[in-house]
There are 2 protein chains.
Amino acid sequence: MEFASMSKRQRSDVSSPTFASGAKIRRVTTASAIYEQLHAAILSLQMKPGVALQEKRIAEEFGVSRTPVREALLRLAEAGLVEIFPQSGTFVSPIPVSAIPEAVVIRKSLERTTVEHAAEIATAGDIARLDAIIARQRVHAALNEPSQFHEEDEAFHEAISAIAGYPGIWSILKSVKLQIDRARRLTLPVRGRMDSVIEEHMTIRDAIAAHDVDHARGAMMRHLSAVIPDIDELRLLYPGYFS
Amino acid sequence: MEFASMSKRQRSDVSSPTFASGAKIRRVTTASAIYEQLHAAILSLQMKPGVALQEKRIAEEFGVSRTPVREALLRLAEAGLVEIFPQSGTFVSPIPVSAIPEAVVIRKSLERTTVEHAAEIATAGDIARLDAIIARQRVHAALNEPSQFHEEDEAFHEAISAIAGYPGIWSILKSVKLQIDRARRLTLPVRGRMDSVIEEHMTIRDAIAAHDVDHARGAMMRHLSAVIPDIDELRLLYPGYFS
DNA sequence: CTGAGCGGATTGATATACTAGTATCCAAAA
DNA sequence: TTTTGGATACTAGTATATCAATCCGCTCAG
């Protein structure tokens with residue numbers, strides 16, 4: 001792994017504070033920048049499960065001291081992406097096979113709640129926003145851009161949470177999706193799968209637009225069942241990546 | 001706020017590493033000890049919402065350097081108990097009124113899932129464990145010990161998650177319950193409420209024991225609806241505590 | 001030849017020192 | 001009297017130094 005070393009002055013030319021949910025006024029700090037980089041690297045499997053992370057080495061690569069690196073690693077540990085063994089070392093977490101079924105259960109439970117409520121109260125504008133996301137997904141599928149496609153996939157589910165008025169649920173879902181997505185990233189993105197995802201999204205969208213709670217729930221449940229990665233197969237392909 | 005200053009040697013006489021879920025080998029560290037203390041202080045409202053927390057002052061009170069204090073504060077910030085404004089200050093978070101309805105929704109969604117699955121697969125031993133918890137609750141109610149009662153209440157819900165085989169759901173529930181409990185702590189514990197909680201727990205327990213999924217779900221939903229704190233009233237009693 | 005014990009090297013944990021941004025307060029001018 | 005400008009003090013962010021624990025390899029005794 002190589003990282004572009006960052007200037008210490010980076011935080012001077014930062015944009016105005018973000019007033020996101022919860023009134024976080026936190027600006028871009030060195031620690032959080034490193035967190036983002038490592039987070040992306042682990043999620044994209046550029047850093048493979050099991051490899052050692054050394055505070056000192058990372059600090060040198062980024063051109064900063066160990067303190068912000070340590071802060072970033074602590075946050076990654078809380079997210080479950082790295083494991084810190086005191087006085088021993090820090091390693092990229094293996095993908096926790098055992099946790100994935102539960103993660104799927106949690107997703108189903110929470111997304112069921114959001115999609116039901118969204119179907120009840122969605123406005124025309126909300127539907128338009130979903131349509132826009134699906135349209136972008138079609139483009140990415142046609143151009144075979146799995147990464148951007150996945151981003152829009154996240155946007156779709158986030159939009160539903162937003163429609164339901166449950167932004168907090170989305171932040172929980174994000175953390176739950178982490179490990180699932182890491183496993184899924186191992187499977188080659190299949191062209192056909194993207195198309196069926198779009199179809200499933202369309203079904204969900206239609207049910208929400210029709211305020212049909214039952215169909216919305218059913219469509220979402222089928223959708224979520226379809227995206228469960230085949231762990232056993234992956235375990236064979238990538239031994240040592242799982243716990 | 002006053003804290004007992006801690007000996008630097010505290011971590012020497014620590015018990016063997018904990019092998020909790022996820023193979024965390026993390027021992028008791030200064031930072032986590034401080035985290036626990038602050039966590040408890042904020043949750044018990046010994047530290048009122050809005051008051052300023054200064055890394056330096058806390059470090060002096062605990063007799064440690066700023067580094068572990070800072071680590072603890074970062075974790076508290078992630079849990080939503082404090083808000084860190086860079087180069088400005090750290091403050092105990094106000095109780096986020098707007099988030100409480102959503103928190104209740106999340107609880108209902110997840111606890112519905114756990115109680116349903118628990119009702120399906122509970123064994124006699126599981127029921128015995130629930131009975132033991134309820135028995136302890138009776139004692140604490142009789143002796144009017146709200147704090148211990150609340151601990152056993154948590155244990156009851158945790159036990160159901162454990163029966164269902166969803167320990168991850170419990171850890172999510174814990175973080176979601178945080179703000180709810182903080183609001184609830186403002187209401188004086190009423191003797192009668194403890195008794196009705198026990199009754200509701202009994203109903204849930206009976207439904208689980210009978211493998212009656214529908215009744216288990218219904219009882220749990222009623223139970224969770226009953227514990228919603230009356231925010232409007234609290235807002236009048238404690239202005240400035242809420243966001 | 002084998003194994004226990006010692007010692008050095010590595011690295012995580014903590015402490016301290018330093019930098020830079022923010023807010024407040026006071027004084028001076030309108 | 002009010003407003004604005006600057007100086008000051010305080011706080012979080014970062015860097016560096018020091019401490020301590022664990023691990024690995026080597027040596028020496030059996």
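Below, read A as the first sequence line, B as the second, and so on, with proteins coming before strands; counting in each chain starts at 1. Because the structure is a prediction, the values reported are computed rather than measured.
Taking the side chain as every heavy atom from C-beta outward, Val92(B) and Leu53(B) approach each other to under 4.5 Å.
At whole-Å resolution of the value, CD in Glu60(B) and C1' in dA15(C) are 14 Å apart. Glu71(B) has its CD atom 15 Å from the C1' atom of dT14(D), to the nearest Å.
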Donor-acceptor pairs under 3.5 angstrom involving side-chain atoms of residues 94-110 of chain B: please list them, not counting sequence neighbours.
from: Glu102(B); atom 1: OE1; to: Gly168(A); atom 2: N; distance (Å): 3.3
from: Glu102(B); atom 1: OE2; to: Gly168(A); atom 2: N; distance (Å): 2.6
from: Glu102(B); atom 1: OE2; to: Ile169(A); atom 2: N; distance (Å): 2.8
from: Arg107(B); atom 1: NE; to: Glu111(B); atom 2: OE2; distance (Å): 3.2
from: Arg107(B); atom 1: NH2; to: Glu111(B); atom 2: OE2; distance (Å): 2.8
from: Lys108(B); atom 1: NZ; to: Ser225(B); atom 2: OG; distance (Å): 2.9
from: Ser109(B); atom 1: OG; to: Ser109(A); atom 2: O; distance (Å): 2.9
from: Ser109(B); atom 1: OG; to: Ser109(A); atom 2: OG; distance (Å): 3.0
from: Ser109(B); atom 1: OG; to: Thr113(A); atom 2: OG1; distance (Å): 2.8

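Residue pairs meeting the salt bridge (Lys or Arg N to Asp or Glu O under 4.0 Å) criterion with at least one member in residues 153-170 of chain B, sequence neighbours excluded, are Glu154(B)-Lys177(B).
The side chain of Thr30(A) contributes no N or O atom lying less than 4.0 Å from OP1 or OP2 of dG13(D). Not one side-chain nitrogen or oxygen of Thr67(B) sits closer than 4.0 Å to the OP1 or OP2 atom of dT14(C).
Taking Arg235(A) as the reference, nothing meets the salt bridge (Lys or Arg N to Asp or Glu O under 4.0 Å) condition, with sequence neighbours excluded. Every residue meeting the side-chain hydrogen bond (donor to acceptor under 3.5 Å, both in side chains) condition with His140(B), not counting sequence neighbours, appears here in chain and number order: Glu145(B). In this view, Ala162(B) satisfies the side chain to side chain contact (heavy atoms under 4.5 Å, CB included) rule with no residue, not counting sequence neighbours.
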Considering only nitrogen or oxygen atoms on both sides, find all protein atoms under 3.5 Å from nucleotides 7-12 of chain C and state each distance.
from: dG12(C); atom 1: N7; to: Arg66(A); atom 2: NH2; distance (Å): 3.2

